[in-house]
A.B. asks: 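Sharing a structure with you now.
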2 protein chains.
Amino acid sequence: MTSSDDALILEQQLCFALYNASRALIRAYGPLLEPLGLTYPQYLVMLVLWEIKSATVKALGERLALDSGTLTPLLKRLEQRGLIQRKRDPEDERVVRITLTAEGQNLKEQARSVPADLICRTGGDPHDSASLEQVALLRQALQLLTAQIQQQSSKAEKI
Amino acid sequence: MTSSDDALILEQQLCFALYNASRALIRAYGPLLEPLGLTYPQYLVMLVLWEIKSATVKALGERLALDSGTLTPLLKRLEQRGLIQRKRDPEDERVVRITLTAEGQNLKEQARSVPADLICRTGGDPHDSASLEQVALLRQALQLLTAQIQQQSSKAEKI
DNA sequence: GAAAATTTAATTGTATGCAATTTAATTGTT
DNA sequence: AACAATTAAATTGCATACAATTAAATTTTC
């Protein structure tokens with residue numbers, strides 16, 4: 001094996017580390033979200049709605065970096081479950097506005113313990129500020145990376 | 001909004017930061033892998049095979065943290081493309097061994113430039129050791145996190 | 001050595017992701 | 001106003017992910 005092969009080793013790849021960590025963490029959410037009857041992407045949508053009460057599909061898509069191809073069927077499932085309502089905006093019939101039902105709002109109370117539970121499941125202690133700081137630093141590094149990637153790829157589009 | 005709501009803000013979630021960064025980076029791979037005719041998970045499988053030449057489905061699954069439900073159809077597609085061969089082990093008929101075809105081996109040459117190209121696409125400079133070190137540090141942090149999650153969840157299974 | 005337990009892939013079913021296209025509504029332009 | 005361009009969702013098609021089940025082969029155990 002030549003030295004130029006090193007760059008092609010799986011474990012050298014930042015992307016695989018990310019992909020792997022992301023899936024591992026999402027899998028860890030499974031048992032916590034199952035009692036809420038939510039999948040992980042559904043939980044993300046609910047997080048946004050719990051915060052801002054109401055959003056268009058477009059706004060959800062921008063916040064979560066998901067397109068209508070993913071969101072439309074996901075939102076229909078949340079509607080079926082009775083957690084949200086989907087309604088065309090009378091002012092602009094292109095827009096679909098999502099609002100929480102009472103049941104959707106109530107689910108927030110059950111979700112409150114999820115983040116701390118999850119930290120426990122990653123081997124951290126939610127009351128230990130060192131654990132929390134580690135997590136915050138990693139999160140910030142990831143957010144910076146994401147911003148850089150998005151900036152670069154929007155640049156590449158213009159070529 | 002009460003202070004206990006802070007933990008439910010999307011941008012506070014390590015998991016969303018991971019999920020988002022992972023998808024952004026995989027999307028950035030798209031244009032680089034398209035000429036190779038590979039999807040990102042297919043590229044990961046090929047990385048392993050380029051390294052170790054031959055592997056069972058089980059070994060691939062362990063290395064990539066993917067199960068047969070994902071790998072079996074993916075490997076059939078790689079076989080269709082003529083990049084790999086799938087063959088039952090005569091010693092143990094349960095086992096399916098994957099080997100590279102000549103075409104699969106040759107594809108490695110075209111893949112060599114992918115990692116450096118990708119660093120450019122994330123706004124880094126593949127010749128700048130500071131960039132590389134940043135990436136390596138982040139990668140190690142993610143690998144540690146993944147190991148912690150897997151350790152904890154294997155512990156939880158035993159309850 | 002036969003039955004039980006285990007192991008390895010494949011299969012089934014559900015839910016994403018995402019590119020590409022389509023549809024419908026709105027906006028901009030002449 | 002008429003028509004082109006744009007915008008927002010939905011739809012289509014393909015490829016994952018992954019839990020759960022099945023099927024077949026092998027090991028273990030009694």
Side-chain angles (χ1 to χ4, degrees), chain A residues 15-16 18-31 33-34 37-46 55-62 64-81 86-98 150 153 157, chain B residues 15-16 18-31 33-34 37-46 55-62 64-81 86-98 150 153 157:
Chain A
C15 193
F16 176 66
L18 261 172
Y19 166 79
N20 212 9
S22 174
R23 286 183 304 130
L25 199 43
I26 289 172
R27 273 195 300 271
Y29 267 95
L33 296 181
E34 198 264 346
L38 294 175
T39 65
Y40 180 71
Q42 290 170 6
Y43 171 69
L44 294 181
V45 168
M46 294 301 288
T56 65
V57 173
K58 180 181 164 61
L60 284 173
E62 281 169 356
L64 299 167
L66 291 170
D67 70 4
S68 66
T70 302
L71 284 174
T72 296
L74 186 157
L75 292 169
K76 283 181 179 172
R77 278 175 216 117
L78 290 179
E79 189 182 35
Q80 288 289 314
R81 273 219 44 213
R86 296 162 64 242
K87 225 173 116 186
R88 291 274 168 188
D89 184 342
E91 302 289 308
D92 185 340
E93 288 279 349
R94 290 172 302 181
V95 174
V96 170
R97 180 158 289 278
I98 310 297
Q150 285 168 348
S153 51
E157 271 167 23
Chain B
C15 193
F16 176 66
L18 261 172
Y19 166 78
N20 213 7
S22 174
R23 285 183 304 128
L25 199 42
I26 289 172
R27 273 194 302 270
Y29 267 96
L33 296 181
E34 198 264 347
L38 294 174
T39 65
Y40 180 72
Q42 290 169 6
Y43 171 69
L44 294 181
V45 168
M46 294 302 287
T56 65
V57 173
K58 180 181 163 61
L60 284 172
E62 281 170 356
L64 299 167
L66 291 170
D67 70 5
S68 66
T70 301
L71 283 175
T72 296
L74 186 157
L75 293 169
K76 284 181 179 173
R77 278 175 216 117
L78 290 179
E79 189 182 36
Q80 288 288 314
R81 271 221 43 214
R86 295 162 65 243
K87 224 173 117 185
R88 290 275 168 188
D89 183 342
E91 301 290 308
D92 185 340
E93 288 279 349
R94 291 171 302 182
V95 172
V96 170
R97 180 159 290 278
I98 310 298
Q150 285 168 348
S153 51
E157 272 167 23

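Each chain gets a letter, A, B and so on, in the order its sequence line appears, and its residues count up from 1. Note that the structure is a prediction, hence the values are computed from the model and not measured. Atom set for the values below is all heavy atoms of this structure, side chains included, hydrogens, waters and symmetry mates excluded.
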A.B. asks: Which residues in residues 38-45 of chain B have a heavy atom closer than 4.0 Å to any atom of DNA chain D?
C.D. replies: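 Going residue by residue through residues 38-45 of chain B, the ones with a heavy atom under 4.0 Å of DNA chain D turn out to be B:T39, B:P41, B:Q42.
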A.B. asks: For A:Y19 and for A:V95, locate the closest nucleotide of DNA chain D by heavy-atom distance; then report the residue assigned to the nucleotide nearer the 5' terminus.
C.D. replies: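 Per heavy-atom nearest nucleotide, the more 5' residue is A:V95.
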A.B. asks: Is there a side-chain polar atom (N or O) of A:R27 under 4.0 Å from OP1 or OP2 of D:dC18?
C.D. replies: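 So the side-chain polar atoms of A:R27 do come within 4.0 Å of the phosphate oxygens OP1 or OP2 of D:dC18, strictly under.
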A.B. asks: May I ask you to evaluate whether B:K76 reaches the phosphate of D:dT16, defined as a side-chain N or O under 4.0 Å from OP1 or OP2?
C.D. replies: no
A.B. asks: Take A:I26 and A:D92, find for each the nucleotide of DNA chain D with the closest heavy atom, and name the residue whose nucleotide sits nearer the 5' end.
C.D. replies: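 The residue whose closest nucleotide sits nearer the 5' end is A:D92.
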A.B. asks: List the atom of B:E93, the atom of B:P90, and the distance in Å for their closest heavy-atom pair.
C.D. replies: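 For B:E93 versus B:P90, the nearest heavy atoms are OE2-CA, 4.2 Å.
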A.B. asks: Please report the distance, rounded to the nearest Å, between CD in B:E91 and C1' in D:dA25.
C.D. replies: 14 Å
A.B. asks: Going by side-chain contact (heavy atoms from CB on, under 4.5 Å), A:L38 matches just one of A:L78, A:L44, A:V45. Which one?
C.D. replies: A:L78
A.B. asks: What pairs of nitrogen or oxygen atoms, one from the protein and one from nucleotides 20-24 of chain D, lie under 3.5 Å apart?
C.D. replies:
none

A.B. asks: Of all heavy-atom pairs between B:L71 and B:V57, which one has the smallest distance, and what is that distance?
C.D. replies: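 Looking at all heavy atoms of both residues, the shortest contact is CD1-O, 3.7 Å.
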A.B. asks: Looking only at heavy atoms, which two atoms of B:R88 and B:R94 are closest? And how far apart?
C.D. replies: NH1-O, 3.0 Å
A.B. asks: Using a 4.0 Å heavy-atom cut-off across all strands, classify A:A59 as base, sugar-phosphate, or nothing.
C.D. replies: nothing
A.B. asks: Which atom pair, heavy atoms only, marks the closest approach of B:A65 to A:N20?
C.D. replies: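 In this case the closest contact between B:A65 and A:N20 is CB-OD1, 3.5 Å.
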A.B. asks: From the 5' end of DNA chain C to its 3' end, which nucleotides mark the outer limits of contact with chain A, defined by a 4.0 Å heavy-atom distance cut-off (strictly under)?
C.D. replies: C:dA15 to C:dT26
A.B. asks: Less than 6.0 angstrom from the centroid, inside 45 degrees of the normal: does A:R23 satisfy that with respect to the ring of A:Y19?
C.D. replies: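 So A:R23 does make the cation-pi contact.
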A.B. asks: How far does CD1 of B:I98 sit from CG of B:L60, to the nearest 0.5 angstrom?
C.D. replies: 6.5 Å
A.B. asks: Any idea which heavy atoms bring B:V96 and B:R86 closest together, and the distance?
C.D. replies: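 Taking B:V96 first and B:R86 second, the nearest heavy atoms are CG1-CB, 4.1 Å.
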A.B. asks: Students often get this wrong, so: under 4.0 angstrom with heavy atoms, is A:R97 touching a base, only sugar-phosphate, or nothing?
C.D. replies: nothing
A.B. asks: Rounded to the nearest 0.5 Å, how far does OG1 of B:T72 lie from NZ of B:K76?
C.D. replies: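 Taking NZ in B:K76 and OG1 in B:T72, the distance rounds to 6.5 Å.
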A.B. asks: I want to confirm an ordering. Mapping A:T70 and A:D89 to their closest nucleotides on DNA chain C, which one lands closer to the 5' end?
C.D. replies: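 Comparing both residues, the 5'-ward one is A:T70.
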A.B. asks: Whole angstroms only, please: what is the NZ-C1' distance between B:K58 and D:dA25?
C.D. replies: 15 Å
A.B. asks: Round to the nearest Å and state the distance from A:L66 atom CG to D:dT11 atom C1'.
C.D. replies: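 Roughly 17 Å, once rounded to whole Å.
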